[in-house]
Trainee: 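Next up is a structure, given as structure tokens.
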Amino acid sequence: MKYRHSTAQSADYLRLALKRMSQQDAGLHPASYTIWYEYVAGTNPELKAAVDAQIERDGRLNEATTYALYARHVADFDAKTALRIGDSVNHIVEQISESATTAGEQASRFGGSLESWTDALHLPGGSGSLASGVEDILRGTREMQEAISTLQIRLEESRREAQQLRQEVARAREEALIDALTGLTNRKGFDLALDACLKEATREAQGPCLLMIDLDHFKRLNDTLGHVFGDQVLTSVGQILRANVKGKDTATRYGGEEFAVILPQTPRGGAIGLAEALRALVFASRVRRSGDKEALIGNISVSIGVADYIAGESATEFVSRADRALYMAKAQGRNRVVLAPRPQSAGVQ
Ligand SMILES: Nc1nc2c(ncn2[C@@H]2O[C@H](COP(=O)(O)OP(=O)(O)OP(=O)(O)O)[C@@H](O)[C@H]2O)c(=O)[nH]1
């Protein structure tokens, strides 16, 4: 986004932002500075509300929260603004284009009338000098028609350019939500999808459910077979998820060797069934090292935590419950699926 503050005003904001930044647990880097600059300048109301909520909850912003707020409210805000501007440009060009078409039609009608008048004035008994005057006007009208049609062509070009720019922004935005290694949604895409899902959740009879999936003993695999092979394993698990998680469901590379699946409108039985199927598919898969004929000795496995949503629960609580179930699965021996217990106060559905 563009900041249009005067030098004196931005210096004031800088002082205020630095004061706020130094009170947080996060580093003094550009992401942190942008957040606090926008906060004190009041340029991004949604960001301000999110920061206030976070401070009320935790007292300070730590490193992870700072980057999460930056990703959601600054990077995403810019992309949304660009799309909105693209839409407005399109709209304006379309309106001008319509006006030019109307003007062209009117000029053409006027030209037609002038032509019939000149014909009438050239008839025996008509006025020759008046006819030549009308012919002058007719010439002028034709020039005007030509100018209008040139304008229409230019407007059509501008409309196409605006449309192209809009598509580029939309594509860049989509790419920003995709993990490059696996092609799955990335953490930012996950946050957006989970937000949208939880907004719908109150209207749904059942679900949503969330799976948190973590590769077992991945450090050992990396250490013995190398990071490049580790990346191949991550890609292969990504493919299994992509092939088996479809429709309204979202599969994400949550970070490192952890994946997540959001399952809107899904009862817990269905979520456990899918989790079990994914676990079995990963366990049955054989990943070959590029150039190696030998299949990997030993199976790759995942542990999965499943949480079914409790009405009113925040996204963070929902993810934490699934995460806790995942660590229970690890503690119980790995390569298994564990359902997150519901707090007693939440009751049983
Ligand atoms: N190859 C590769 N390794 C990664 C990537 N992201 C995280 N890792 C590695 O994943 C490993 C995760 O190790 P730990 O968190 O100790 O977990 P673990 O070895 O899987 O053990 P458990 O989860 O307890 O079964 C670390 O060695 C990370 O370096 C990545 O993108 N590529």
Side-chain angles (χ1 to χ4, degrees), residues 31 62-68 70-71 75 174-191 193-194 210-245 250-262 271-272 274-292 294-307 316 318-341:
N62 60 26
E63 195 72 6
T65 318
T66 298
Y67 276 112
Y70 181 86
E174 262 170 37
E175 277 168 12
L177 303 178
I178 299 295
D179 169 59
L181 183 68
T182 59
L184 297 176
T185 309
N186 63 16
R187 175 65 192 274
K188 190 172 154 205
F190 171 87
D191 286 346
L194 188 60
L210 177 63
L211 315 184
M212 295 304 286
I213 306 170
D214 191 86
L215 277 146
D216 295 329
H217 297 306
F218 197 57
K219 182 169 176 354
R220 200 166 65 196
L221 187 141
N222 262 330
D223 291 347
T224 50
L225 294 158
H227 245 75
V228 174
F229 183 69
D231 282 358
Q232 259 175 267
V233 171
L234 290 173
T235 309
S236 147
V237 171
Q239 276 165 357
I240 291 175
L241 293 185
R242 259 219 316 276
N244 294 281
V245 173
T250 306
T252 299
R253 181 168 175 213
Y254 192 74
E257 82 300 2
E258 196 171 4
F259 296 84
V261 180
I262 304 171
I272 294 171
L274 175 68
E276 189 49 49
L278 292 173
R279 185 208 60 76
L281 281 167
V282 172
F283 196 56
S285 68
R286 291 281 180 278
V287 184
R288 284 168 205 277
R289 212 172 350 183
S290 303
D292 251 0
E294 290 297 307
L296 171 73
I297 315 290
N299 295 77
I300 294 161
S301 68
V302 288
S303 298
I304 306 184
V306 181
T316 316
F318 189 30
V319 173
S320 303
R321 275 197 311 115
D323 240 344
R324 282 201 295 277
L326 166 62
Y327 285 101
M328 286 161 72
K330 294 268 183 190
Q332 288 171 22
R334 298 180 173 79
N335 191 22
R336 67 196 60 217
V337 175
V338 168
L339 176 67

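No experiment lies behind these values; they were computed from the predicted model shown. When a ligand or atom number is given, it counts from 1 through the structure's own listing order.
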Trainee: Please list, chain by chain and in numerical order, all residues satisfying salt bridge (charged side-chain N to carboxylate O under 4.0 Å, His left out) with Asp191, sequence neighbours excluded.
Mentor: Arg72, Arg187
Trainee: Using side chain to side chain contact (heavy atoms under 4.5 Å, CB included), reason through Asp179 and Phe190 one step at a time and then give a plain yes or no.
Mentor: CA-CA 11 Å; Asp179 169 59; Phe190 171 87; over 6 Å; no
Trainee: Could you list which atoms of ligand 1 come closer than 4.0 Å to a heavy atom of His227?
Mentor: 1 (N), 2 (C), 3 (N)
Trainee: What atoms in ligand 1 come closer than 4.0 Å to a heavy atom of Arg253?
Mentor: 30 (C), 31 (O)
Trainee: Considering non-hydrogen atoms of the protein only, which is the closest contact for atom 22 (P) of ligand 1, and what is the distance?
Mentor: Lys330 NZ, 3.3 Å
Trainee: Side chain, backbone, both or neither: which part of Val233 comes within less than 4.0 Å of ligand 1 when only heavy atoms are counted?
Mentor: neither
Trainee: Decide yes or no on side-chain hydrogen bond (donor to acceptor under 3.5 Å, both in side chains) for Asp214 and Ser303, but give the supporting numbers first.
Mentor: CA-CA 5 Å; Asp214 191 86; Ser303 298; over 6 Å; no
Trainee: Can you find a pair of side-chain heavy atoms, one from Ile213 and one from Ile304, that are under 4.5 Å apart?
Mentor: yes
Trainee: Below 3.5 Å, N or O to N or O, backbone or side chain included: is there any such pair between Leu215 and ligand 1?
Mentor: yes
Trainee: With heavy atoms of Asp216 as the reference, note each atom of ligand 1 found under 4.0 Å away.
Mentor: 20 (O), 25 (O)
Trainee: Which residues satisfy the side-chain hydrogen bond (donor to acceptor under 3.5 Å, both in side chains) test with Asp223, sequence neighbours excluded?
Mentor: Lys219
Trainee: At their closest point, which heavy atom of Gly230 faces which heavy atom of Phe218, and how far apart are they?
Mentor: O-CZ, 3.3 Å
Trainee: Examine Asp231 against ligand 1 and note whether any of their N/O atoms are separated by less than 3.5 Å.
Mentor: yes
Trainee: Looking at atom 19 (O) of ligand 1, what's its closest protein heavy atom, distance included?
Mentor: Lys219 N, 2.8 Å
Trainee: Can you tell me the protein heavy atom closest to atom 9 (C) of ligand 1 and the distance?
Mentor: Asn222 ND2, 3.3 Å
Trainee: For ligand 1, which atoms sit closer than 4.0 Å to a heavy atom of Asp214?
Mentor: 23 (O)
Trainee: What are the atoms of ligand 1, with element, lying closer than 4.0 Å to any heavy atom of Gly230?
Mentor: 1 (N)
Trainee: May I ask you to identify the nearest protein heavy atom to atom 7 (C) of ligand 1, giving residue, atom name and distance to one decimal place in Å?
Mentor: Gly256 CA, 3.6 Å
Trainee: If you compare all heavy atoms of Arg253 against all heavy atoms of Phe259, which two are closest, and at what distance to 0.1 Å?
Mentor: CA-CD2, 3.9 Å
Trainee: How far apart are the closest heavy atoms of Asn335 and Asp216, and which atoms are they?
Mentor: N-OD2, 2.9 Å
Trainee: Among all protein heavy atoms, pick out the one at the shortest distance from atom 21 (O) of ligand 1; state its residue, atom name and that distance to 0.1 Å.
Mentor: His217 N, 3.6 Å
Trainee: At their closest point, which heavy atom of Leu194 faces which heavy atom of Ile262, and how far apart are they?
Mentor: N-CD1, 3.6 Å
Trainee: Please report whether ligand 1 has a polar contact with Phe218, defined as an N or O pair separated by less than 3.5 Å (distance criterion only).
Mentor: yes
Trainee: If you have a sec, work out which protein heavy atom is nearest atom 12 (C) of ligand 1 and how many Å separate them, to one decimal?
Mentor: Glu257 OE2, 3.2 Å
Trainee: Any idea which heavy atoms bring Phe318 and Ala307 closest together, and the distance?
Mentor: CE1-O, 3.6 Å
Trainee: Look at atom 24 (O) of ligand 1 and say which protein heavy atom is nearest, naming residue and atom and giving the distance to 0.1 Å.
Mentor: Arg334 NH2, 2.8 Å
